[in-house]
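This is a predicted model, so every value here is computed, not measured.
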Amino acid sequence: MCVINGRNKITIIGFVIVLMTLSIALYTVNTQKSATVAKLQKKNASLKLEVSRKIDQLKIEQSRVDALMSRNAEARKASSISKPAQPQLVSSKKKVKAKARKRKTRSRVRVSRGAVRTFPAEPTVRQVGVTYWSDEAQLDALVWICCHESIRPGAVSANGCKGLFQLINPPRWMKLGDAASETKAGCEYIQRRYGTPSKAKSFWLGHGWY
């Protein structure tokens, strides 16, 4: 039979207290760990939910961007297909107008040298022109240009072109209404720009103006 004295009792009680303290401490630690783990799990779940939402938003934005890019590509394609038709239309209108102008000017007046009719200022044009070019062919070309621009001294077009040779910027000394002065200004212009009336006439035939 085991007899427990007072000292052994104290030792046992102390040991029991230590065990209880350790148990309580372990329980507390485990409880805290469980709470921390629960918090972390909850936070992790919320983060996953937030990431999922962001991903969904990004997918929606990406689909919008893709749709917008597709529309822009279709618009550019449509515009690139329709654009070439416009210059062709404009150029065709210009060609029609130029041809109409040529027909109109050619049927209006012809050179008197072997032609149908003359205009009153032709002698003056030839008289002034011979001081620049003595060749009869050059004088014929000079008269031809005058006939296809204006046969009336002092004429002013809707565009502001003046005189027998319809100069855009005539010299200050040119007297509007004076056939000799207008012819001299025309000869100066032709000589400076083309050299000869024949070259000016060739340019006129190709462009409808000189």
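No single ILVMFWY cluster, assembled from side-chain heavy atoms under 4.5 Å apart, contains both Leu142 and Val130. Hydrophobic clustering of Ile, Leu, Val, Met, Phe, Trp and Tyr side chains at less than 4.5 Å, counting indirect connections, unites Tyr132 with Trp173.
Across every non-hydrogen atom of Phe165 and Tyr210, the tightest pair is O-OH, 2.7 Å. Of all heavy-atom pairs between Leu176 and Ala155, the closest is CD1-O, 4.4 Å. Ala121 and Ala179 make their closest contact through CB-CB, 4.3 Å (heavy atoms, listed as atom of the first residue, atom of the second, distance). Closest of all the heavy-atom pairs between Gly129 and Leu139 is C-CD2, 3.5 Å. The two residues Pro170 and Met174 have their closest heavy-atom pair at CB-CE, 3.6 Å. Nearest approach of Val125 to Cys146, heavy atoms of both residues: CG2-SG, 4.1 Å.
The line from CD of Gln138 to NZ of Lys199 is 9.0 Å long, rounded to the nearest 0.5 Å. Atom CG of Leu205 sits about 4.0 Å away from atom CH2 of Trp144, to the nearest 0.5 Å. The CG atom of Asn159 sits 9.0 Å away from the CD atom of Gln166 when rounded to the nearest 0.5 Å.
Taking Glu50 as the reference, nothing meets the salt bridge (Lys or Arg N to Asp or Glu O under 4.0 Å) condition, with sequence neighbours excluded.
Using bins of under 30°, 30° to 60° and over 60° for the plane-to-plane angle, the ring pair His148/Trp204 lands in the perpendicular bin. Using bins of under 30°, 30° to 60° and over 60° for the plane-to-plane angle, the ring pair Trp209/His207 lands in the perpendicular bin.
Residues Val156 and Lys162 meet the side-chain proximity criterion, which asks for heavy atoms closer than 4.5 Å.
A donor-acceptor distance shorter than 3.5 angstrom exists from the side chain of Glu182 to the backbone of Leu164, with no hydrogens or angles considered. A donor-acceptor pair under 3.5 Å is absent between the side-chain atoms of Ser70 and the main chain of Asp66, judged by distance alone. Of the possible polar contacts, one joining the Ser202 side chain to the Ser198 backbone as a donor-acceptor pair under 3.5 Å is found. At least one donor-acceptor pair under 3.5 Å links the side chain of Asp135 to the backbone N or O of Ala137.
Using a 4.0 Å cut-off between a side-chain N of Lys or Arg and a carboxylate O of Asp or Glu, Glu188 and Lys184 do not qualify as a salt bridge.
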Stepwise salt bridge (Lys or Arg N to Asp or Glu O under 4.0 Å) test for Glu136 and Arg126: CA-CA 9 Å; Glu136 195 68 27; Arg126 289 183 178 274; 3.2 Å; yes
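The environment of CD1 in Ile168 is sparse: at most 12 heavy-atom neighbours from other residues, nucleotides or ligands sit within 6.0 Å.
Defined by atom type and a distance below 3.5 Å, a donor-acceptor pair is missing between the side-chain atoms of Trp133 and Gln191.
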